[in-house]
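Please read all numbers here as calculations on a predicted model, not as lab measurements. Values below: every heavy atom of this structure, side chains too, minus hydrogens, waters and symmetry copies.
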Amino acid sequence: MNDASPEVEHVTTSRVSCVGQGGALGHPKVWYHIPDDRGWVKCGYCDKRFVLRNPHEQTEQEPSGSG
């Protein structure tokens, strides 16, 4: 029994590509667009999920500069 969850990759652009794993045993390179209203897309071959990272997520945690 395989309990491995599909891979998740956090990305900063809404256009992503997936080539699978395992070199020749992988799948053809495919391109996806992450819809703004959902924020993620799943590869139709390997179920890898690409999650769009909120661009404000990192800047909110960084100290603001002295203006």
Side-chain angles (χ1 to χ4, degrees):
M1 184 167 139
N2 186 358
D3 291 330
S5 298
E7 184 178 355
V8 174
E9 182 176 339
H10 293 273
V11 296
T12 57
T13 62
S14 60
R15 184 159 163 80
V16 296
S17 67
C18 186
V19 293
Q21 298 179 14
L25 299 177
H27 61 68
K29 184 174 189 175
V30 289
W31 289 90
Y32 295 102
H33 175 77
I34 301 173
D36 290 333
D37 60 337
R38 187 169 58 193
W40 62 272
V41 70
K42 182 172 75 167
C43 176
Y45 286 97
C46 66
D47 292 335
K48 179 175 179 177
R49 186 176 288 209
F50 295 89
V51 178
L52 188 59
R53 190 177 294 252
N54 182 345
H56 303 291
E57 194 172 275
Q58 293 176 348
T59 58
E60 288 175 358
Q61 296 174 358
E62 295 175 0
S64 59
S66 56

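Listed by chain and residue number, Val8, Trp40, Val51 satisfy the side-chain contact (heavy atoms from CB on, under 4.5 Å) test with Arg49 (two or more places apart in sequence, or in another chain).
Tyr32 belongs to a hydrophobic cluster with Val11, Val16, Val30, Ile34, Val41, Tyr45, Phe50, Leu52, counting contacts under 4.5 Å between side-chain heavy atoms of Ile, Leu, Val, Met, Phe, Trp and Tyr, direct or through other members.
Applying the salt bridge (Lys or Arg N to Asp or Glu O under 4.0 Å) test to every pair with at least one member in residues 7-20, sequence neighbours left out, gives these pairs: Glu7-Lys48, Glu9-Lys48.
Looking at heavy atoms from C-beta onward, His27 lies in side-chain contact with Cys46 at the 4.5 angstrom threshold.
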